[in-house]
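These notes concern the structure reproduced below.
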Amino acid sequence: MKFGRDSDETIEMNMTPMIDCIFQLILFFLVTSSFIKLEQDLSINLPIQSREMKVQQPPARPIIVNVKYLGPNKVDYRVENENMTLQALTANFSRAKARNKDQAVIIRGDRRVRWDHIASVMGCCAHAGIIKISASLEISEGR
């Protein structure tokens, strides 16, 4: 009794059904797909820009002035961690205004600082010609 295969038999694989399936898939995808036509009509003459386009500068980073409370009628004006006087602030604002006409200033005042000191910084802005002035504050949820 012989259970193994004879060495004379060769195994062949019929490729015809697989080729038929591949052709059917190709035909299916060709029929169901839509071809995108590029919207480039070569007969259209596009206008030519005769002068250079002006590129707008990105908005300048606002100057942040920190007004820190040091004691009664004593404050510290700081810009970029540098201590400044009101005259130095005015000069700094004037230079910034000369570089960028839309310069903005944000004033961060300690809650214990008197309004006079905040108004002094606003006066420096006005003297330098800066009109975009804002003050920052903290909004509490519970009140």
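- Other members of the hydrophobic cluster containing I118, listed by chain and number, are I63, V65, V67, Y69, V75, Y77, V79, M84, L86, L89, F93, V105, I107, V113, W115, V121, M122, I130, I133; membership follows side-chain contacts under 4.5 Å among ILVMFWY residues, whether direct or relayed.
- Taking all atoms of both residues into account, the shortest heavy-atom contact from P62 to Q103 is CA-NE2, 3.7 Å.
- Sorted by first and then second residue, the pairs that involve residues 112-123 and meet salt bridge (Lys or Arg N to Asp or Glu O under 4.0 Å), not counting sequence neighbours, are D110-R112, R114-D116.
- Taken together through direct or relayed side-chain contacts under 4.5 Å among Ile, Leu, Val, Met, Phe, Trp and Tyr, F23 and L30 form parts of separate hydrophobic clusters.
- Rounding to the nearest 0.5 angstrom, the gap separating the CG atom in D20 from the CE atom in M15 is 11.0 Å.
- To the nearest 0.5 Å, atoms CD1 (I22) and CG (L27) are separated by 11.5 Å.
- Shortest non-hydrogen contact noted between A128 and T90 is CB-O, 4.1 Å.
- In this structure, CD1 in I19 is found 12.5 Å from CD in Q24, a value given to the nearest 0.5 Å.
- Every pair passing salt bridge (Lys or Arg N to Asp or Glu O under 4.0 Å) that includes a residue from residues 56-70 is listed here, sequence neighbours excluded: R61-E80.
- Around the CD1 atom of I131, the shell of radius 6.0 Å holds no more than 12 heavy atoms that belong to other residues, nucleotides or ligands.
- With sequence neighbours excluded, no residue forms a side-chain hydrogen bond (donor to acceptor under 3.5 Å, both in side chains) with R99.
- To the nearest 0.5 Å, atoms CG (D76) and OG1 (T85) are separated by 11.0 Å.
- Counting heavy-atom neighbours within 6.0 Å of R78 CZ, excluding the residue itself, gives a total above 12.
- With hydrogens and angles disregarded, a donor-acceptor distance shorter than 3.5 Å links the side chain of K97 to the backbone of G129.
- Applying the salt bridge (Lys or Arg N to Asp or Glu O under 4.0 Å) test to every pair with at least one member in residues 122-132, sequence neighbours left out, gives no pairs at all.
- Within the hydrophobic cluster formed by Ile, Leu, Val, Met, Phe, Trp and Tyr side chains joined at under 4.5 Å, directly or through other members, L70 stands alone, with no partner residue.
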